[in-house]
Number of protein chains: 2
Amino acid sequence: MSRNKEQNIKMREKKQELILKEAMKEFAMKGLFATKIKDIAENVGMAQGLLYHYYKSKEEIYIEIINNAFDKLIEASESLEAMNIPAHEKIRRSIIEILITIENSEEFNQTCRFIAQAINSTAIPSEAQRLILEKRSRPYQIIGKIMQEGQSEGTIVEGDPEQLAVLYWTAINGLAIYQVSNEGKIPMPDANLLINIFLRKGV
Amino acid sequence: MSRNKEQNIKMREKKQELILKEAMKEFAMKGLFATKIKDIAENVGMAQGLLYHYYKSKEEIYIEIINNAFDKLIEASESLEAMNIPAHEKIRRSIIEILITIENSEEFNQTCRFIAQAINSTAIPSEAQRLILEKRSRPYQIIGKIMQEGQSEGTIVEGDPEQLAVLYWTAINGLAIYQVSNEGKIPMPDANLLINIFLRKGV
DNA sequence: GTCTATATCCAGATAGAC
DNA sequence: GTCTATCTGGATATAGAC
């Protein structure tokens, strides 16, 4: 009895994950309003009506995905911050790694694309807007802190660390969007070009 | 008689421009699908039905705006290319100017936002997609050519000029999107940080 | 849990009076 | 040219059978 119950819950969660995964793809490609519940359901392989057994609305799915997307980004930033290496090494390694990720991980670029769509639209549900407002600044803060650390250590260029963080993230974001909107065919620029923006000469 | 006719045509064109202007705002903020014809008409100050005397569909308006947006960008790139100064000066001055524009011109950032939305969605009308495919690479080509020129002159860093152009535009694009999604409150990073990516040391 | 059928709503586009 | 009223299609969400 109880074992069946557990299994049912697991099955339900698996289906929900599948729905989220397909919804993410659709939202990233088309945005909230051009994505139809039917599209998502078809990709999952279920009838349109059935989707409402798992989520009560399109918006609910959207909000869940926003949450996941930002949490992943924040988590990655935090684990970068926590690494036991000098600040300039954090910047260096993260840029190298992200460029590789942009070139190879469709999922990462979907996330970037999704976030770009969400941030770029004032028409999304208010709960989604609240979440964005709450979470989007975290990665900027963390990189800003690392920049400041590096300045104290004498390895990062002078200037407002916040602005350095803005440049860091917007450059990466711009590249990711460009990549995904070109169907992953663009070779990334040499990582050193980006790295050298932030490192002091000679480091 | 003929004078009246001319006047009528002028009036009509003025109204059309007004519609385009308001539509641009709406599209930039909300995207094609979340923007309702009624929203545009209301902002212009006319009844929803009347809009169809000026344009035959929402898509037609959208396509017209895409065309204008890219043409402006291409025109600016071409006039940069045509300037009678060394290549590295073209890069330097354009970055300085664009950063100022991002900070001050709402219209420019609306254009960036609109283009970002359009490029980011596969759900837009096929004619719009065709236009994007046709026109979006032009500014990249032009900057790439200038980079190459500068390399010959020994003032621009080594590396694939195409990739330098990608970095140039994606960084700018990322900044513009960030700015507009923060309602124009973000101070731009020091232009020299960006300029130094591309200039050879000592130039 | 899963499907089909349907109620309901909303927005694009049209028709027709002024 | 301008408006109001309306047609029409399509999408969300629900109901109800299996």
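Predicted model, so just to flag it, every value in this text is computed and none were measured. Letters A, B, ... mirror the listed sequences (proteins, then strands); counts begin at 1.
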Do the side chains of [X] and [Y] get close enough for a salt bridge, i.e. N-O under 4.0 angstrom?
X: B/E22; Y: B/K25; result: yes
X: A/R130; Y: A/E134; result: yes
X: A/R92; Y: A/E89; result: yes
X: B/E81; Y: B/K90; result: no

Would you mind reading off the distance between [X] atom [atom1] and [N] atom [atom2], rounded to a whole angstrom?
X: A/K36; N: C/dC10; atom1: NZ; atom2: P; answer: 15 Å
X: A/K15; N: C/dC3; atom1: NZ; atom2: C1'; answer: 12 Å
X: B/D39; N: C/dC10; atom1: CG; atom2: P; answer: 14 Å
X: B/Q16; N: D/dT2; atom1: CD; atom2: P; answer: 12 Å
X: B/Q7; N: D/dG1; atom1: CD; atom2: P; answer: 13 Å
X: B/M46; N: D/dC3; atom1: CE; atom2: C1'; answer: 12 Å
X: B/K38; N: D/dT4; atom1: NZ; atom2: C1'; answer: 14 Å
X: A/N8; N: C/dT2; atom1: CG; atom2: C1'; answer: 14 Å

- Query: Do the non-hydrogen side-chain atoms of B/I115 and B/I66 ever get within less than 4.5 Å of each other?
  - Reply: no
- Task: Determine, stepwise, if the pair A/R113 / A/S181 fulfils side-chain hydrogen bond (donor to acceptor under 3.5 Å, both in side chains).
- Result: CA-CA 9 Å; A/R113 190 165 177 157; A/S181 72; 6.0 Å; no
- Query: Taking DNA chain C as the partner, which of residues 17-32 of chain A come within under 4.0 angstrom of it by heavy atom?
  - Reply: none
- Task: Pull out every residue in residues 47-67 of chain A that has a heavy atom closer than 4.0 Å to any atom of DNA chain C, ordered by number, or say none.
- Result: A/A47, A/L50, A/H53, A/Y54
- Check whether the side chains of B/R138 and B/Q141 place a donor and an acceptor atom closer than 3.5 Å, and report yes or no. yes
- Would you check if there is a donor-acceptor pair between the side chains of A/Y168 and A/S94 at a distance under 3.5 Å? yes
- Plane angle bin for B/Y62 and B/F114 - parallel if under 30°, tilted between 30 and 60°, otherwise perpendicular: tilted
